[in-house]
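Single-structure report; data block below.
This structure is a prediction, so every number in the text was calculated from the model and none was measured. Atoms considered below: every heavy atom in the structure, side chains included; atoms not considered: hydrogens, waters and symmetry mates. All ligand and atom numbering here is 1-based and tracks the order in the structure. Numbers here are sequence positions counted from 1.
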Amino acid sequence: MFKQFFGFLRKKNNDKIKGAEVDRLTNEVDRKKLPRHIAIIMDGNGRWALRRGMSRSFGHRAGVESLRDIVKVCSELEVQILTVYAFSTENWKRPREEVNILMDLLVEYFNREIEELDENRVRVNPIGRLQELPPAAIRALKMAAERTCSNDGLILNVAFNYGGRQELVDTVRSVVADVLNGTLSAADIEEQAISERLYTAGQPDPDLLIRPAGDLRLSNFLLWQLAYTEFCISPVMWPDFRRIDLIKAILDFQRRERRFGGLK
Ligand code: FPP
């Protein structure tokens, strides 16, 4: 009984210390130098779950809670755009059961969260080859996008059945179509002709890319857009990734000197 009581007190005290640390770090963030666009590769769900003797699906489910938290923090900080990598064009190679779980989680996420996203003025913008998804997933993404289309808060790009190379292929197709129909001349194909045909057309490129779970690769994510993005690789697995980890990544970003190939 006493042991339980002291355990409870200790936990309460630890939470208080952690809360104070989050507040302290949040106060250190320079609101004038926030990244306008943050991109996240939500990695580590599988490893996180297996380390706990649970199924990979359990990790994905836990990952949804991190997504909820991070969307909330980005909204509060008034970050303009958050792009999250939720399902890649290569993820179809996973066992059918895991693919099905990810599709179900997508539907569940939007059904459960749409009210709150809308209340927080979040605009959901799905990116990827959406037409190849199962009908329920397409419906969920369409519903979320339509319901939130006039919101003026955080733009939440949900990359689902997304691949950077596939995006470039789709862009090249669109460029070629416009050259053939005469609205674009081959001589006018410059960077802008590409960027204005990407899934992220009209948006600034990400300033900060966060990859939780420690791996050092791009995994076919935003290949064009990440040309001058600052990378932050976090050892924290995505299901454990919370406000404090995002704040630490932003503080790290704010200490960087960005030269875009030039000199200071
Ligand atoms: C990569 O971790 C993660 C994914 C392939 C899925 C990400 C999905 C979520 C966070 C939840 C779903 C979100 C929505 C909007 C439906 P991994 O499984 O490759 O982890 P591992 O590298 O440890 O195996």
Side-chain angles (χ1 to χ4, degrees), residues 38-75 81-118 120 122-130 132-145 147-148 154-164 199 209-222 233-242 245-246:
I38 299 177
I40 305 184
I41 300 176
M42 303 187 288
D43 195 23
N45 297 348
R47 276 165 284 172
W48 181 90
L50 295 178
R51 278 178 199 168
R52 286 163 176 75
M54 306 298 279
S55 70
R56 296 178 53 82
S57 311
F58 182 74
H60 294 314
R61 199 165 274 287
V64 176
E65 295 311 311
S66 302
L67 178 60
R68 288 190 68 203
D69 198 44
I70 296 308
V71 168
K72 214 161 119 199
V73 182
C74 285
S75 277
I81 306 167
L82 172 67
T83 301
V84 290
Y85 204 8
F87 191 87
S88 78
T89 42
E90 287 71 38
N91 286 152
W92 295 104
K93 294 179 201 155
R94 296 191 177 196
R96 174 131 297 273
E97 197 199 337
E98 184 171 339
V99 169
N100 288 344
I101 293 282
L102 287 166
M103 298 296 150
D104 290 349
L105 280 180
L106 175 82
V107 176
E108 247 178 62
Y109 172 73
F110 282 117
N111 286 339
R112 204 171 55 135
E113 296 300 318
I114 194 65
E115 292 289 338
E116 198 175 324
L117 289 168
D118 199 21
N120 291 332
V122 174
R123 174 144 66 90
V124 177
N125 181 46
I127 58 170
R129 289 195 172 162
L130 309 177
E132 294 167 1
L133 291 169
I138 296 178
R139 274 199 301 277
L141 288 166
K142 248 180 101 179
M143 175 278 289
R147 167 99 184 247
T148 60
L154 175 76
I155 296 175
L156 176 62
N157 291 330
V158 180
F160 212 86
N161 196 25
Y162 172 90
Y199 304 153
L209 169 76
I210 301 173
R211 180 159 191 150
D215 283 343
L216 301 173
R217 58 175 166 266
L218 272 186
S219 303
N220 201 13
F221 192 40
L222 302 174
I233 310 296
S234 166
V236 177
M237 299 283 149
W238 178 249
D240 284 333
F241 199 92
R242 286 293 184 277
D245 306 295
L246 179 70

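- Listed for the Trp238 side chain is a donor-acceptor partner under 3.5 Å among the backbone atoms of Gly63.
- Ser88 contributes no side-chain N or O that, together with a main-chain N or O of Gly163, makes up a donor-acceptor pair within less than 3.5 Å.
- Considering backbone and side-chain N/O atoms, Arg47 comes within less than 3.5 Å of an N/O atom of ligand 1.
- When the heavy atoms of Val107, Leu106, Asp43, Leu50 are ranked by distance to atom 16 (C) of ligand 1, first place goes to Leu106.
- Per-residue contacts place Ala86 under 4.0 angstrom from the following atoms of ligand 1 (heavy atoms of the residue considered): 6 (C), 7 (C), 8 (C).
- Applying the salt bridge (charged side-chain N to carboxylate O under 4.0 Å, His left out) test to pairs two or more places apart or on separate chains, those with a residue in residues 102-111 are Arg61-Glu108.
- Side-chain atoms of Tyr85 come within 3.5 Å of backbone N or O of Asn220 as a donor-acceptor pair.
- With hydrogens and angles ignored, the 3.5 Å screen pairs no side-chain donor or acceptor of Arg68 with any backbone N or O of Val64.
- A donor-acceptor pair is defined here as one N or O able to donate and one able to accept, closer than 3.5 Å; such a pair exists between the side chain of Arg47 and the backbone of Ala213.
- Looking only at protein heavy atoms, the nearest one to atom 4 (C) of ligand 1 is His60 CE1, 3.9 Å.
- Near Asn91, the atoms of ligand 1 lying under 4.0 angstrom from a non-hydrogen atom of the residue are 5 (C).
- At a threshold of 4.5 Å between non-hydrogen side-chain atoms, the residues Val122 and Thr148 do not count as touching.
- Residue-ligand proximity, Val64 to ligand 1, at heavy-atom distances under 4.0 Å covers atoms 11 (C), 12 (C).
- Residues that satisfy the side-chain contact (heavy atoms from CB on, under 4.5 Å) test with Arg217, not counting sequence neighbours, are Arg211, Asp215, Ser219.
- Residue contact annotation: Ala213 has no non-hydrogen atom under 4.0 Å from ligand 1.
- Note: Phe87 and Phe160 have parallel aromatic rings, judged against thresholds of 30 and 60 degrees for the angle between ring planes.
- Residues Glu65 and Arg112 are paired through a salt bridge, judged by an N-O separation under 4.0 Å between the basic side chain and the carboxylate.
- Remark: distances from the non-hydrogen atoms of Met237 to ligand 1 are all 4.0 Å or more.
- Using a 4.0 Å cut-off between heavy atoms, Phe87 makes no contact with ligand 1 at all.
- Neither the backbone nor the side chain of Val84 comes within contact range of ligand 1; no heavy atom lies under 4.0 Å.
- Looking at Gly46 next to ligand 1, an N or O pair under 3.5 Å apart turns up.
- Ligand-side atoms of ligand 1 in range of Trp238: 10 (C), range being under 4.0 angstrom from any heavy atom.
- Of the candidates Met42, Glu113, Arg56, it is Arg56 that places a heavy atom closest to atom 18 (O) of ligand 1.
- Every atom of ligand 1 with a heavy atom of Leu67 under 4.0 Å away is listed here by number and element: 15 (C).
- Between Asn45 and ligand 1, at least one N/O pair is under 3.5 Å apart.
- Only the side chain of Arg94 comes within 4.0 Å of ligand 1, counting heavy atoms alone; its backbone N, CA, C and O stay farther away.
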